[in-house]
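Residue numbers count from 1 along this sequence.
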Amino acid sequence: MTPTSISAPLSSQQRMLLLLVTAAFFVLTAVAVARHGYVGVFTYQIATWAGMQVLVDLVIACALFLAWLWHDAKALGRNPWPWIALTMVLGSFGPLLYLLTRKTTA
């Protein structure tokens, strides 16, 4: 595999970018949940066809990531189930946290 492969370890710059994205997404999620509640976030999405499209898009993206995660975790000797469970409950936080806990390059 080449160093640019998705299975390659993360560089410190990539990890920093992922950390910033995760932190910003956490703040956005905290505000949304504080204002609408956990269930309210989903209720809002299923209220319109546009919202439903965004929700289905998120489900598809997370499912694709989980397919990759399963193989990546097995190849690295990691248990994929905690990350699958996190993704099922917290959406994109599961994949983001999985990537943040992967090995880095020097």
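When hydrophobic clusters are built by joining Ile, Leu, Val, Met, Phe, Trp and Tyr residues whose side-chain heavy atoms come closer than 4.5 Å, directly or via intermediates, L58 is not grouped with L28. No continuous path of hydrophobic side-chain contacts links I60 to V54 [ILVMFWY only; heavy atoms under 4.5 Å]. Both L69 and V21 sit in one connected hydrophobic cluster of ILVMFWY residues. Membership requires side-chain heavy atoms under 4.5 Å apart, directly or through other members. V59 and V89 fall into different hydrophobic clusters, defined by Ile, Leu, Val, Met, Phe, Trp and Tyr side-chain heavy atoms under 4.5 Å apart, directly or through other members. Residues V41 and M52 fall into different hydrophobic clusters, defined by Ile, Leu, Val, Met, Phe, Trp and Tyr side chains chained together at heavy-atom separations under 4.5 Å.
Note: S11 OG to L17 CG = 9.0 Å, rounded to the nearest 0.5 Å. Atoms NE2 and CG, from H71 and L76 in turn, are 13.0 Å apart once rounded to the nearest 0.5 Å. For the atom pair CD1 (I84) and OH (Y98), the distance works out to 10.0 Å, reported to the nearest 0.5 Å. Atoms CZ and CH2, on R78 and W70 in that order, are 14.0 Å from each other to the nearest 0.5 Å.
Listed for the Y44 side chain is no donor-acceptor partner under 3.5 Å among the backbone atoms of H36.
Remark: F93 pairs with F25 by the ring-ring contact (aromatic ring centres under 6.0 Å, His included) rule, at least two apart or across chains.
A salt bridge links R102 to D72: one of the charged nitrogens lies within less than 4.0 Å of a carboxylate oxygen.
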key: Intermediate values then yes/no, side-chain contact (heavy atoms from CB on, under 4.5 Å), R35 and V31   = CA-CA 6 Å; R35 291 189 179 192; V31 170; 3.9 Å; yes
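Minimum interatomic distance between L86 and G94 (heavy atoms only, all atoms of both residues): CB-CA, 3.9 Å. Considering all non-hydrogen atoms of both residues, A73 and P80 come closest at CB-CB, 3.8 Å. Residues T87 and P95 approach most closely at OG1-CD, 3.2 Å, considering heavy atoms.
Applying the 6.0 Å contact sphere to CZ of F26 captures no more than 12 heavy atoms from other residues, nucleotides or ligands.
At a threshold of 4.5 Å between non-hydrogen side-chain atoms, the residues L99 and F65 count as touching.
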